[in-house]
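Lettering follows sequence order; numbering is per chain, from 1.
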Amino acid sequence: DTAVSQTPKYLVTQMGNDKSIKCEQNLGHDTMYWYKQDSKKFLKIMFSYNNKELIINETVPNRFSPKSPDKAHLNLHINSLELGDSAVYFCASMGQGIFHEQYFGPGTRLTVT
Amino acid sequence: KNQVEQSPQSLIILEGKNCTLQCNYTVSPFSNLRWYKQDTGRGPVSLTIMTFSENTKSNGRYTATLDADTKQSSLHITASQLSDSASYICVVTPTGGGNKLTFGTGTQLKVEL
């Protein structure tokens, strides 16, 4: 059973398009995240939701809009895609408590041409 | 400057050898420090989680140490295997940070025959 799943795994699109990435976790966790990993492999947090409520919103352009229809899902919609949006996007989830592990999805490689 | 710095940036060792990766952080106070392993093309996977009061934590051939006074952590890998080739990431959770984990810059390890 996949704990955190993301779709699609690869996404190639042109500048200016709008696209969405979906994420689902079956671990019963309350907290979910979106991270962006650039070419230098640095993982940067974008958003975090706790039980469908936005709790972390880093300085991400308004073109990025997360949506959490329920606590098992956190989708990422990106408007007007730009070349600089090309990266690998990871979804993750984590339970409550300081010893709770964080589980990552397989990543979505977004290429904007 | 990132609050979690890792060294070296990259490392090449021969199979069977030991190695130690370093993590220096300025996040304070913090509730826990984690080490993740990220294989190429995959999401990070948790190796160890230590609270601020713990000094060491092992997971098989991986042993993490923590010195909260000097704000340093290390990950020691014993008897390296080819499958240890990956990026190793140090992650610190600030106290009261609302689950906002601070990621390090990572060390890229390559194990060769």
Of all heavy-atom pairs linking A:Q102 and B:R34, the shortest is N-NH1, 3.7 Å
Measure A:K9 against the heavy atoms of chain B and call it side chain, backbone, both or neither at under 4.5 Å. side chain
Which disulfide bond (SG atoms under 2.5 Å apart) pairs, counting each pair once, include a residue from residues 27-56 of chain B, with sequence neighbours left out? none
If you draw a 6.0 Å radius around [atom1] in [X], do more than 12 non-hydrogen atoms from other residues or ligands fall strictly inside?
X	atom1	value
B:D67	CG	yes
A:K22	NZ	no
A:K41	NZ	no
A:E58	CD	yes

Residues in residues 37-48 of chain B that sit under 4.5 Å from chain A, counting heavy atoms only: B:Q38, B:G41, B:R42, B:G43, B:P44, B:S46
Bottom line for B:E54: the part with an atom under 4.5 Å from chain A's heavy atoms is side chain
With sequence neighbours excluded, residues passing ring-ring contact (aromatic ring centres under 6.0 Å, His included) with A:Y35: A:Y33, A:F104, B:F103
same_hphob_cluster(B:L75, B:F52) at 4.5 Å side-chain heavy-atom cutoff: yes
Starting from B:L11, can I reach B:V4 by hopping between I/L/V/M/F/W/Y residues whose side chains sit under 4.5 Å apart? yes
Contact residues of residues 105-113 of chain A (partner chain B; heavy-atom separation under 4.5 angstrom): A:G105, A:P106
